Amino acid sequence: MSGENVEIARRYMKEPPNGPPEELPKWIARFWEPDGDYYPVRGFPEARPRHGREEIVGFFTEYLTAWGDYRYAVEDAIAVGDDRVLVHGRISARGRASGVALDGEIYHCFWLRHGRFIRAEDHLTARGALHALGLSGETV
């Protein structure tokens with residue numbers, strides 16, 4: 001199951017819709033359990049925890065429309081046990097209204113049940129992500 005979970009997480013990170021906001025609920029429904037919990041990177045203004053698909057869709061609607069020229073690339077994805085996945089990625093974007101540039105690494109921790117996310121956390125450091133997954137160290 002761990003290999004399947006890695007592929008699910010990779011697909012999720014590669015498929016966010018860049019089209020109309022109406023596509024977001026379908027995308028979230030394909031990957032998330034109805035009662036999933038999402039914890040965005042702390043420190044971002046909109047970074048409060050989200051519970052359930054509707055709140056997760058609301059977050060991504062705000063987040064993706066705030067950024068112009070948004071690009072994301074998966075650098076690596078690894079299984080952590082049978083139910084967790086760590087994804088290391090790179091974001092490059094520019095604020096649609098502000099013009100502020102965003103370029104850097106990000107780490108996503110996913111907990112899965114029956115091929116769907118039940119929890120996800122985003123971190124700016126490998127150390128923070130590893131700690132969230134119950135591991136120690138600073139590198140994967």
Side-chain angles (χ1 to χ4, degrees):
M1 189 67 171
S2 60
E4 291 174 30
N5 287 342
V6 168
E7 287 310 308
I8 290 165
R10 280 184 178 276
R11 272 197 324 272
Y12 174 75
M13 297 310 300
K14 289 181 179 180
E15 292 181 14
N18 292 324
E22 303 83 53
E23 296 297 316
L24 285 168
K26 294 177 200 168
W27 174 60
I28 295 298
R30 278 200 329 269
F31 292 97
W32 283 87
E33 285 288 336
D35 62 344
D37 292 310
Y38 175 56
Y39 298 85
V41 170
R42 292 182 200 169
F44 285 5
E46 66 278 352
R48 66 178 175 79
R50 308 302 167 108
H51 177 72
R53 287 181 183 160
E54 188 174 316
E55 287 187 16
I56 295 169
V57 167
F59 170 82
F60 281 107
T61 299
E62 291 175 33
Y63 180 81
L64 293 172
T65 57
W67 297 103
D69 191 30
Y70 184 86
R71 289 174 286 177
Y72 179 88
V74 172
E75 299 284 325
D76 196 13
I78 61 166
V80 179
D82 289 335
D83 63 343
R84 294 165 289 156
V85 174
L86 173 62
V87 175
H88 171 213
R90 176 163 286 284
I91 293 176
S92 178
R94 184 163 303 280
R96 193 176 309 278
S98 68
V100 170
L102 174 66
D103 185 39
E105 295 179 300
I106 188 164
Y107 299 85
H108 311 280
C109 305
F110 295 104
W111 288 258
L112 293 95
R113 177 178 59 216
H114 307 298
R116 292 185 177 270
F117 303 132
I118 57 172
R119 180 184 177 99
E121 294 184 18
D122 295 341
H123 296 271
L124 294 176
T125 65
R127 183 178 184 178
L130 291 169
H131 178 74
L133 292 166
L135 304 172
S136 61
E138 299 200 17
T139 60
V140 180

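Excluded from the calculations below are hydrogen atoms, water molecules and symmetry mates; all remaining heavy atoms, backbone and side chain alike, are included. Keep in mind that what you see is a predicted model, and the values were worked out from it rather than measured.
- Here the shortest heavy-atom pairing between Val100 and Trp67 reads O-CZ3, 3.7 Å.
- Panel note: side chain Arg116, backbone Ala29; a donor-acceptor pair is recorded below 3.5 Å.
- Atom CD in Glu22 sits 9.5 Å away from atom OG1 in Thr61 (nearest 0.5 Å).
- Here the CD atom belonging to Glu23 is positioned 12.5 Å from the CG atom belonging to Leu64, to the nearest 0.5 angstrom.
- Nearest heavy atom pair, residue Cys109 against residue Ala129, reads SG-O, 3.4 Å.
- Distance check: Leu86 CG to His123 NE2 gives 9.5 Å after rounding to the nearest 0.5 Å.
- The distance between the ring centers of His108 and Phe117 does not fall below 6.0 angstrom.
- Aromatic ring pairs are classed by plane angle as parallel below 30°, tilted from 30° to 60° and perpendicular above 60°; the pair Trp27 and Phe60 is perpendicular.
- A cation-pi arrangement is present between Arg119 and Trp111, with the terminal nitrogen or guanidinium carbon under 6.0 Å from the aromatic centre and inside a 45° cone about the axis.
- When every heavy atom of Trp32 is checked against every heavy atom of Ile118, the shortest pair comes out as CZ3-C, 4.4 Å.
- Shown here is Glu54, whose CD atom has no more than 12 heavy atoms of other residues, nucleotides or ligands within 6.0 Å.
- Contact check for Tyr38 versus Glu55: no side-chain heavy atoms found under the 4.5 Å cut-off.
- Annotation: side chain of His51 is in contact with side chain of Asp35 (closest heavy-atom distance under 4.5 Å).
- Atoms CG and CG, on Asp82 and Leu112 in that order, are 11.0 Å from each other to the nearest 0.5 Å.
- The stretch residues 87-107 participates, sequence neighbours left out, in these salt bridge (charged side-chain N to carboxylate O under 4.0 Å, His left out) pairs: Arg90-Asp103.
- Listed by chain and number, the residues in a salt bridge (charged side-chain N to carboxylate O under 4.0 Å, His left out) with Asp69 are Arg71 (sequence neighbours excluded).
- To the nearest 0.5 Å, atoms CD1 (Ile91) and CG (Asp122) are separated by 7.5 Å.
- At least one side-chain heavy atom of Arg50 sits less than 4.5 Å from a side-chain heavy atom of Arg48.
- Here the side chain of Arg10 pairs no donor or acceptor atom with the backbone of Val74 at under 3.5 angstrom.
- Using a 4.5 Å heavy-atom threshold, the side chains of Asn5 and Phe110 count as separate.
- Considering all non-hydrogen atoms of both residues, Ala79 and Ser2 come closest at CB-CB, 3.5 Å.
- The ring pair (Phe, Tyr, Trp, His ring centres under 6.0 Å) search around His88 returns Tyr107, not counting sequence neighbours.
- Across every non-hydrogen atom of Pro25 and Val57, the tightest pair is CA-CG2, 3.7 Å.
- Put simply, CD on Glu121 and OH on Tyr39 are 7.0 Å apart, with the number rounded to the nearest 0.5 Å.
- Ring geometry for Tyr63 against Phe59 counts as parallel: the plane angle stays under 30°, on a 0 to 90° scale with 60° as the upper cut.
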